[in-house]
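Following: one structure in structure tokens, then a few remarks.
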Amino acid sequence: MIERPDRTPLPRGFFDRPVLDVAPELLGCTLARLTGDGPIELRLTEVEAYAGELDPGSHAYRGRTPRNDVMFGPPGHAYVYFTYGMWHCLNVVCGPEGRASGILLRAGEIQIGADLARKRRFSARHDRELAKGPARLATALDVDRALNGTDLCADATAPLSLLPGTPPRPDQVRNGPRTGVGGGGAHQPWRFWIDSDPTVSPYRAHVPRRRAT
DNA sequence: CGCAGGATCGGCT
DNA sequence: GCCGATCCTGCGA
């Protein structure tokens with residue numbers, strides 16, 4: 001009998017906890033995508049927590065809308081949003097249900113399907129850039145709003161799921177301010193990443209956009 | 001390598 | 001109308 005890594009998705013209970021407990025534990029976990037062309041999998045190296053309606057940085061801050069509806073639903077589901085007119089970003093809803101908290105999956109290391117990811121991320125000059133940033137991660141794994149609401153705990157044959165992986169050593173888990181978040185939520189140190197990992201995206205402070213002249 | 005500017009459109013005020 | 005949980009390219013050092 002051949003030993004294989006655990007293909008059982010993380011249980012719903014894993015996500016049905018306070019988002020700040022879940023976020024650091026997601027590091028090292030496997031995000032598995034089943035595309036028509038084959039599987040693409042990555043090991044998460046960077047995530048960011050958003051604490052629901054009370055968090056000025058969260059999409060849920062101004063209450064429930066058609067766009068953020070999934071965030072108010074049960075934990076363990078995918079919240080995918082479209083931004084800047086061209087990009088998608090992927091979150092996991094966390095508990096308790098109705099809190100509308102979630103975790104943005106910001107970066108990872110491609111472990112399976114790098115050839116497929118390279119086709120989708122043709123401008124990446126190096127494999128470490130394939131999923132270095134939330135929109136790059138979504139692009140590499142062919143994630144768009146068609147996957148909004150997907151149950152990530154269903155099973156490994158689903159189009160998108162989260163599985164246990166290889167956790168980092170506890171002393172390798174770092175945290176700091178969230179990238180690109182302005183307003184009242186800017187200073188919260190709710191971004192978590194694996195220290196010294198080359199696939200972690202660079203920190204960028206929020207920049208209000210200037211109007212075109 | 002760092003920084004500035006542009007792309008592009010859905011969601012919400 | 002304004003702005004965004006971003007990324008890419010081009011330019012200069």
Side-chain angles (χ1 to χ4, degrees), chain A residues 15 19-20 22-24 26-27 31 42 44-72 75 77-94 99-108 110 117-149 152 160 174-193 198-213:
Chain A
F15 301 102
V19 67
L20 292 181
V22 179
L26 265 183
L27 296 175
L31 176 63
L42 64 74
L44 289 170
T45 58
E46 181 190 359
V47 301
E48 215 164 65
Y50 288 85
E53 289 183 284
L54 300 179
D55 178 0
S58 171
H59 285 176
Y61 184 54
R62 288 172 176 83
R64 193 171 189 164
T65 68
R67 177 172 72 149
N68 63 24
D69 188 67
V70 170
M71 293 191 87
F72 289 82
H77 289 246
Y79 166 52
V80 182
Y81 68 88
F82 179 70
T83 191
Y84 287 99
M86 31 189 149
W87 310 112
H88 295 273
C89 292
L90 168 65
N91 299 251
V92 197
V93 177
C94 283
R99 175 69 57 91
S101 64
I103 298 170
L104 174 66
L105 307 184
R106 289 195 55 92
I110 304 284
R118 283 187 207 108
K119 285 184 190 168
R120 302 196 51 77
R121 292 269 306 118
F122 55 88
S123 67
R125 311 237 286 178
H126 195 287
D127 278 2
R128 75 179 133 234
E129 296 172 351
L130 288 174
K132 188 183 196 143
R136 291 167 168 180
L137 182 154
T139 301
L141 269 64
D142 196 17
V143 170
D144 62 22
R145 291 208 62 182
L147 293 172
N148 190 40
L152 303 176
L160 192 62
R174 305 245 289 138
N175 70 292
R178 295 181 292 188
T179 293
V181 175
H187 69 282
Q188 307 291 9
W190 292 346
R191 174 179 177 243
F192 299 86
W193 67 92
T199 66
V200 172
S201 70
Y203 172 76
R204 298 185 206 288
H206 176 74
V207 192
R209 202 164 34 142
R210 281 184 3 191
R211 254 191 45 190
T213 52

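Chain A is the first sequence line, chain B the second, and so forth, proteins listed ahead of strands; every chain is numbered from 1. Just the heavy atoms: all of them, side chains too, but no hydrogens, waters or symmetry mates, feed the values below. Source: prediction; values computed, not measured.
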Open item on the list: Quick check on C/dT6: is either OP1 or OP2 less than 4.0 Å from any side-chain nitrogen or oxygen of A/T83?
Closed with: no
- [ ] Take the protein atom CG of A/D144 and the nucleotide atom C1' of B/dG10, then report the distance between them rounded to whole Å.
- [x] 15 Å
- [ ] Grab the CG-P distance between A/L90 and C/dT6 for me, whole Å please.
- [x] 14 Å
Task: A/F82 aromatic ring stacked with six-membered ring of B/dG10, 5.5 Å and 30° - done: no
- [ ] Report the base-pairing partner of B/dA7 (Watson-Crick or G-U wobble, both distances below 3.5 angstrom), or none.
- [x] C/dT6
Open item on the list: With a 4.0 Å cutoff (strictly under), does any side-chain N or O of A/R204 reach OP1 or OP2 of B/dC3?
Closed with: no
Open item on the list: At 4.0 Å (heavy atoms only), tell me whether A/R125 reaches a base, stays on the sugar-phosphate, or touches nothing.
Closed with: nothing
Open item on the list: So is the aromatic ring of A/W87 stacked onto the base of C/dT6, judging by whether the centres are under 5.5 Å apart and the planes are under 30° apart?
Closed with: no
Task: Nearest-Å distance for atom pair CD/C1', residues A/Q188 and C/dA5 - done: 14 Å
- [ ] Provide the Watson-Crick or G-U wobble partner of B/dC12, both distances under 3.5 Å; none if there is no partner.
- [x] C/dG1
Open item on the list: Output the rounded distance in Å from CE (A/M86) to P (C/dT9).
Closed with: 12 Å
TODO: Report which part of the nucleic acid A/R178 touches: base, sugar-phosphate, or nothing (heavy-atom distance under 4.0 Å, all strands).
DONE: nothing
Open item on the list: Regarding A/G133, tell me which of base, sugar-phosphate or nothing describes its non-hydrogen contacts under 4.0 Å with the strands shown.
Closed with: sugar-phosphate
TODO: Specify whether A/Y79 and A/H59 have parallel, tilted or perpendicular ring planes, treating 30° as the upper limit for parallel and 60° as the lower limit for perpendicular.
DONE: perpendicular
TODO: Output yes if the stacking criterion (under 5.5 Å between centres, under 30° between planes) is met for A/Y81 over the base of C/dA5, else no.
DONE: no
- [ ] Consider the side chain of A/R136, meaning its heavy atoms from C-beta on, and name the nucleotide among C/dC7, B/dC12, C/dT6 that approaches it most closely.
- [x] C/dC7
